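The structure presented is a predicted model; accordingly, all values stated were derived computationally and were not measured.
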Amino acid sequence: MRLLRCCFLLLWIATSPLRGAAADPAAPAVTPKNLFASERFWPYHVALVHAWKPDERAQPLRAGTSGVLIRVEPGGMARIDFGRDGLYAVPVGETDLVAQAERVRRGDLHKTAPNLALAIGPRLLDPAVVPFKPVDFAQTSQRRGFLAVFADPGAEGFPALAKSLAPLRERDGVLTILFPQSSRSDAQVAEQLRALDWTVPFVMGHMSESLTRSLLPDGTPLPAVALQTSEGRLLVLSPWSPDAIPALNAGWP
């Protein structure tokens with residue numbers, strides 16, 4: 001069944017009208033100065049153009065090492081997941097990010113969907129139905145942004161968290177997504193969300209830890225909330241408390 005779902009997803013990506021929709025040759029060329037504001041052109045994969053040594057590593061990463069772009073951050077840095085080689089904030093100038101973004105703008109490099117939607121969309125489950133099922137990727141890819149909630153659905157304070165965040169659900173095209181921080185099965189998470197009448201999509205249990213690590217800076221206290229655009233640009237990041245609600249309300253442009 002999982003293989004069949006993957007086949008359907010690949011077929012949708014290949015035939016989707018979104019394919020190449022980011023191309024806009026009439027837009028200004030992408031440069032290091034406007035890269036942060038040019039998120040619709042951010043490529044999904046980037047590579048190092050020089051050997052680069054993170055402080056945490058004894059040996060440098062080789063030129064050509066490829067990774068998934070998590071997001072561009074202010075100050076000329078890019079958060080990149082190099083898989084088994086590690087997750088690092090890399091100076092943009094050490095990568096081909098600007099050149100690849102320019103290829104997307106011109107239409108030479110096609111984007112199948114916004115970056116963050118592509119990263120998490122195929123890994124979402126819908127607890128609103130019994131039994132739960134994968135979320136329709138075509139719908140996820142149309143969202144303008146995501147409110148990511150990193151929390152343990154079995155924690156004592158989780159019902160209060162769900163109640164506080166419920167009014168923000170699907171506000172202005174923003175989809176709320178739970179990244180479960182527990183060893184509970186997907187079925188148990190779905191049951192808990194239904195019991196709370198907060199049936200937001202949630203990340204598959206076996207993917208939640210790695211995606212949490214990719215999206216959150218090291219040392220972020222949990223539970224936490226992050227408001228992001230569909231391309232992954234970070235608008236609001238905060239440890240969870242009801243005091244975060246005004247920032248989340250104000251954070252979406």
Side-chain angles (χ1 to χ4, degrees), residues 39 42-48 52-61 65-75 77-92 94-95 97 113-125 134-135 137 140 143 145-155 157-158 161 165 175-186 188-189 193 200-241 244 248:
E39 62 183 284
W42 291 355
Y44 190 70
H45 290 103
V46 295
L48 296 174
W52 178 75
K53 181 183 176 303
D55 293 339
E56 304 93 316
R57 285 178 60 96
Q59 299 296 324
L61 297 174
T65 302
S66 179
V68 172
L69 175 65
I70 304 303
R71 57 179 172 263
V72 177
E73 298 183 326
M77 304 297 286
R79 186 172 177 83
I80 302 172
D81 190 341
F82 293 101
R84 64 182 181 181
D85 288 318
L87 173 70
Y88 303 107
V90 185
V92 168
E94 300 290 338
T95 75
L97 205 167
N115 283 5
L116 184 56
L118 185 60
I120 63 177
R123 298 166 174 88
L124 298 180
L125 298 173
V135 173
F137 180 71
T140 304
R143 298 290 180 166
F146 302 100
L147 172 56
V149 182
F150 304 88
D152 179 356
F158 188 78
L161 175 152
L165 291 176
L175 180 64
T176 300
I177 295 172
L178 173 66
F179 291 71
Q181 306 298 303
S182 72
S183 59
R184 289 189 164 198
S185 69
D186 292 339
Q188 289 173 318
V189 173
L193 293 176
V200 298
F202 66 97
V203 175
M204 299 171 179
H206 70 283
M207 294 298 304
S208 185
E209 181 180 354
S210 60
L211 285 172
T212 297
R213 189 167 56 249
S214 290
L215 294 175
L216 292 184
D218 291 342
T220 301
L222 297 178
V225 289
L227 183 63
Q228 297 176 266
T229 68
S230 61
E231 294 288 357
R233 182 163 58 92
L234 190 60
L235 303 174
V236 177
L237 173 63
S238 174
W240 164 249
S241 81
L248 294 174

Which atoms form the tightest heavy-atom contact between Met204 and Pro122, and what is the distance? CE-O, 3.7 Å
Answer yes or no: does atom CD of Glu56 have more than 12 heavy-atom neighbours from other residues, nucleotides or ligands under 6.0 Å? yes
Would you call the rings of Tyr88 and Phe82 parallel, tilted or perpendicular, where under 30° means parallel and over 60° means perpendicular? tilted
Does any part of the side chain of Val200, heavy atoms only, come nearer than 4.5 Å to the side chain of Leu165, both counted from C-beta? no
Partners passing side-chain contact (heavy atoms from CB on, under 4.5 Å) against Ala78 (at least two apart in sequence or in another chain): Leu69, Ile80, Val92, Leu97
Given the rule in the side chain to side chain contact (heavy atoms under 4.5 Å, CB included) test, do Asp186 and Phe202 qualify, once you have shown the distances and angles that lead to the verdict? CA-CA 9 Å; Asp186 292 339; Phe202 66 97; 3.9 Å; yes
Show your working on side chain to side chain contact (heavy atoms under 4.5 Å, CB included) between Leu175 and Leu147 and close with a plain yes or no. CA-CA 6 Å; Leu175 180 64; Leu147 172 56; over 6 Å; no
Heavy-atom side-chain proximity of Asp81 to Arg213 below 4.5 angstrom: no
Are the side chains of Glu39 and Val72 in contact, using a 4.5 Å heavy-atom criterion? no
Do Thr229 and Leu116 have side-chain heavy atoms sitting under 4.5 Å apart? no
Within the distance-only criterion (no hydrogens, no angle test), does the side chain of Ser210 pair as donor or acceptor with the backbone N or O of Met207 below 3.5 angstrom? yes
Between CG of Leu118 and OG of Ser230, what distance do you get to the nearest 0.5 Å? 11.0 Å
Are Pro91 and Trp52 packed together at the side-chain level, in the sense that at least one heavy-atom pair is separated by less than 4.5 angstrom? yes
Sorted by chain and number, sequence neighbours left out, ring-ring contact (aromatic ring centres under 6.0 Å, His included) with Phe150 holds for Phe179
Gap between atom CZ of Arg143 and atom CD1 of Ile120 - 0.5 Å precision: 11.0 Å
Output for pair (Thr140 OG1, Arg123 CZ), nearest 0.5 Å, gives 12.0 Å
Any chance you could measure Asp85, atom CG, to Thr65, atom OG1, to the nearest 0.5 Å? 6.0 Å
Show the nearest heavy-atom pair for residues Thr220 and Leu216, with the distance to one decimal. OG1-CB, 4.0 Å
Could you pull out all residues at least two apart from Ser185 that satisfy side-chain contact (heavy atoms from CB on, under 4.5 Å)? Ala187, Gln188
Donor-acceptor pair, distance only, cut-off 3.5 Å: does the side chain of Arg71 make one with the backbone of Leu215? yes
Distance, nearest 0.5 Å, that separates CG of Asn115 from CD of Glu231: 5.0 Å
Is the closest side-chain heavy-atom distance between Val90 and Val46 below 4.5 Å? no
